[in-house]
Amino acid sequence: MQIMLSGDRPTGPLHIGHYVGSLKNRVALQNNHHSFLLIADAQALTDNMADPDKVCRNIREVALDYLAVGIDPTKSAMCVQSCLPALADIAMLYLNLVSVARLERNPTVKDEIRLRGLARDIPAGFLCYPVAQAADITAFKATVIPVGQDQIPMIEQTNEIVRRVNRQAGVSCLPEATGLLSATSRLPGVDGQRKMGKSQNNAIPLSASPATIHEAVQRLYTDAGHIRISDPGQVEGNAVFAYLDAFDEDKDALEELKVHYRRGGLADKDLKQRLETLLQKLIEPIRERRLALARDPSFVWDVLQEGTKKAHTITQTTAEDIRSALGLFRFATARRP
Ligand code: ATP
Ligand code: MG
């Protein structure tokens with residue numbers, strides 16, 4: 001069985017972009033992979049150092065979201081990044097295998113720096129987080145990484161590091177990883193412009209109430225040129241169609257709607273009604289399961305403790321493998337001559 005690793009930053013509740021981008025794949029893959037889900041609290045601090053409480057609080061929330069969408073803790077180990085010191089150890093070593101220029105070229109990091117307004121004051125940890133992510137992936141020797149589009153540059157950077165380690169070791173000490181994209185690898189936010197993101201105030205959470213779902217769908221922009229119902233409308237770049245593409249399983253009916261919309265005569269209100277019905281139906285059972293699970297906080301605690309313990313053993317072993325592959329020896333554990 002191959003090893004699957006994926007994860008999320010505990011910066012807020014998981015949203016429908018996570019669901020179609022990665023969670024659905026993770027739920028399916030856990031049945032035939034050794035599966036690990038990393039709640040990346042240390043990475044979340046790279047741009048949330050002013051609010052560590054938010055990050056801590058959201059660890060439990062992300063775990064609840066996992067369980068509510070169908071992650072089975074007997075199949076997937078859920079672990080907390082900051083409780084795995086081997087990840088930081090490995091990241092420190094990898095930092096010497098990557099140039100600052102290479103880090104500055106990472107297109108996702110560049111985008112995020114712009115979106116977060118960090119350009120004048122980039123935390124070094126933020127610039128380096130792709131290296132920490134390489135440490136995370138390789139510490140589990142993971143080969144299958146279900147992610148959204150924005151994470152593909154991180155996988156490329158990981159594999160560059162893997163090749164450097166293996167070259168230096170003279171043996172294949174670490175496997176290369178493959179990013180697994182879903183059909184919707186970048187769901188736009190309700191602002192219709194940026195990627196839906198927890199930190200962007202443009203998300204529909206998987207725990208959203210019926211009223212929140214309704215308001216979000218109403219807020220969605222369609223085609224600014226579609227003024228009268230009879231006007232021909234544009235499907236491309238229309239957020240409602242982007243969401244229908246992601247969530248409407250009746251592809252034939254959706255194709256007909258697109259033809260009708262392009263021709264004119266289909267009201268935005270009707271499109272939005274169809275989308276809202278789909279989203280209410282998707283989210284309701286997740287929200288209900290989440291509420292039931294939240295009544296037993298010690299269960300979530302135990303799941304995280306157990307998953308982290310399992311991950312600890314594995315990542316410590318890999319850290320030792322990497323140290324010796326790179327020709328380092330550990331004074332602390334060396335035998336007295
Ligand atoms: P933040 O805004 O704090 O960065 P986020 O919403 O981008 O939060 P992450 O925790 O950074 O979420 O990403 C977790 C996983 O979800 C990654 O694999 C990422 O590619 C995927 N993902 C995030 N947003 C989307 C989206 N809008 N569409 C598809 N996949 C997504
Ligand atoms: Mg993100």
Sub-3.5 Å donor-acceptor pair from the side chain of His33 to the main-chain atoms of Ser35, do we have one? no

Do Glu236 and Arg262 touch side chain to side chain, with heavy atoms closer than 4.5 Å? yes

Apply the salt bridge (charged side-chain N to carboxylate O under 4.0 Å, His left out) test between Asp245 and each candidate in Lys258, Arg186, Lys251; give the one that qualifies. Lys258

Is any side-chain heavy atom of Asp191 less than 4.5 Å from a side-chain heavy atom of Tyr221? no

Between Asn159 and Glu156 (side chain of the first, backbone of the second, donor and acceptor by atom type, cut-off under 3.5 Å), is there such a pair? no

Does a side chain donor of either Gln151 or Gln133 reach within less than 3.5 Å of an acceptor in the other side chain? yes

For Asn31, does the CG atom sit with more than 12 other heavy atoms under 6.0 Å from it, leaving out its own atoms? yes

Verify the cluster assignment for Val62 and Ile71: are they in a single hydrophobic cluster under the rule of side-chain heavy atoms below 4.5 Å apart? yes

So, Asp248 versus Tyr243: side-chain donor-acceptor pair below 3.5 Å or not? no

Considering all heavy atoms of both residues, which atom of Thr46 and which atom of Gly125 are nearest to each other, and what is their separation? CG2-O, 3.5 Å

Treating Gln81 as the side-chain partner and Ala42 as the backbone partner, does any N or O pair qualify as donor plus acceptor under 3.5 Å? yes

Evaluate the side chain to side chain contact (heavy atoms under 4.5 Å, CB included) criterion for residues Asp252 and Asp250: first the C-alpha distance (whole Å), next the side-chain angles of each, then the deciding distance (0.1 Å), finally the verdict. CA-CA 6 Å; Asp252 291 339; Asp250 189 345; 4.1 Å; yes

Ile229 atom CD1, neighbour heavy-atom count above 12 within 6.0 Å: no

Compute whether any side-chain donor of one residue and acceptor of the other, for Arg26 and Ser6, lie under 3.5 angstrom apart. yes

Under 3.5 Å, is there a donor-acceptor pair between the Thr108 and Asp150 side chains? no

If hydrophobic clusters are built from ILVMFWY residues whose side chains come within less than 4.5 Å, do Tyr66 and Ile283 share one? yes

What do the steps show when you test Arg290 against Glu61 for salt bridge (charged side-chain N to carboxylate O under 4.0 Å, His left out), and what is the final call? CA-CA 9 Å; Arg290 203 182 188 287; Glu61 301 303 316; 2.9 Å; yes

Look at the aromatic rings of His226 and Tyr261 and report parallel, tilted or perpendicular, splitting at 30° and 60°. tilted

No-hydrogen, no-angle side-chain donor-acceptor test under 3.5 Å, Glu276 and Gln280: yes

May I ask you to decide if Leu220's main-chain N or O and Lys272's side chain share a donor-acceptor pair within less than 3.5 Å? yes

Using side chain to side chain contact (heavy atoms under 4.5 Å, CB included), reason through Val109 and Tyr129 one step at a time and then give a plain yes or no. CA-CA 9 Å; Val109 175; Tyr129 90 72; 4.1 Å; yes

For the pair Lys110 and Glu104, find out whether any cationic side-chain nitrogen is under 4.0 Å from an anionic carboxylate oxygen. no

Stepwise side chain to side chain contact (heavy atoms under 4.5 Å, CB included) test for Val131 and Leu103: CA-CA 9 Å; Val131 178; Leu103 288 167; 3.7 Å; yes

Check the pair Leu326 / Arg323 against side chain to side chain contact (heavy atoms under 4.5 Å, CB included), numbers first and verdict last. CA-CA 5 Å; Leu326 292 176; Arg323 267 185 216 105; over 6 Å; no

Within the distance-only criterion (no hydrogens, no angle test), does the side chain of Thr308 pair as donor or acceptor with the backbone N or O of Leu304 below 3.5 angstrom? yes

Between Lys54, Gln43, Lys198, which is the residue that forms a side chain to side chain donor-acceptor pair (under 3.5 Å) with Thr11? Lys198

Mind checking whether Phe247 and Ile16 have side chains closer than 4.5 Å, heavy atoms only? yes

Expected output: side-chain Arg287 to main-chain Ala208 donor-acceptor under 3.5 Å: yes

May I ask you to decide if Gln234's main-chain N or O and Asp223's side chain share a donor-acceptor pair within less than 3.5 Å? yes

Is there a side-chain contact between Pro85 and His312 (heavy atoms, below 4.5 Å)? yes

With clusters defined by side-chain heavy atoms of hydrophobic residues (ILVMFWY) lying less than 4.5 Å apart, directly or transitively, does Val144 cluster with Ile161? no

Main chain of Ser82, side chain of Asp41: is a donor-acceptor contact present, judged purely on distance under 3.5 Å? yes

Taking atom types as modelled, is there a side-chain donor on Asp72 or Gln30 under 3.5 Å from an acceptor on the other? no

Report the distance from atom CD of Glu306 to atom OG1 of Thr74, rounding to the nearest 0.5 Å. 10.0 Å

Hphob cluster co-occupancy, Met92 + Ile322, side-chain heavy atoms under 4.5 angstrom: yes

Pair Thr315-Thr318, side-chain donor/acceptor within less than 3.5 Å: no

Answer yes or no: is there a donor N or O on one side and an acceptor on the other, between the side chain of Asn202 and the main chain of Lys195, under 3.5 Å? yes

Same cluster or not: are Met196 and Leu279 linked, directly or through other Ile, Leu, Val, Met, Phe, Trp or Tyr residues, by side-chain heavy atoms under 4.5 angstrom apart? yes

Give a yes or no on whether the backbone of Lys141 and the side-chain of Thr138 come within a donor-acceptor separation of less than 3.5 Å. no

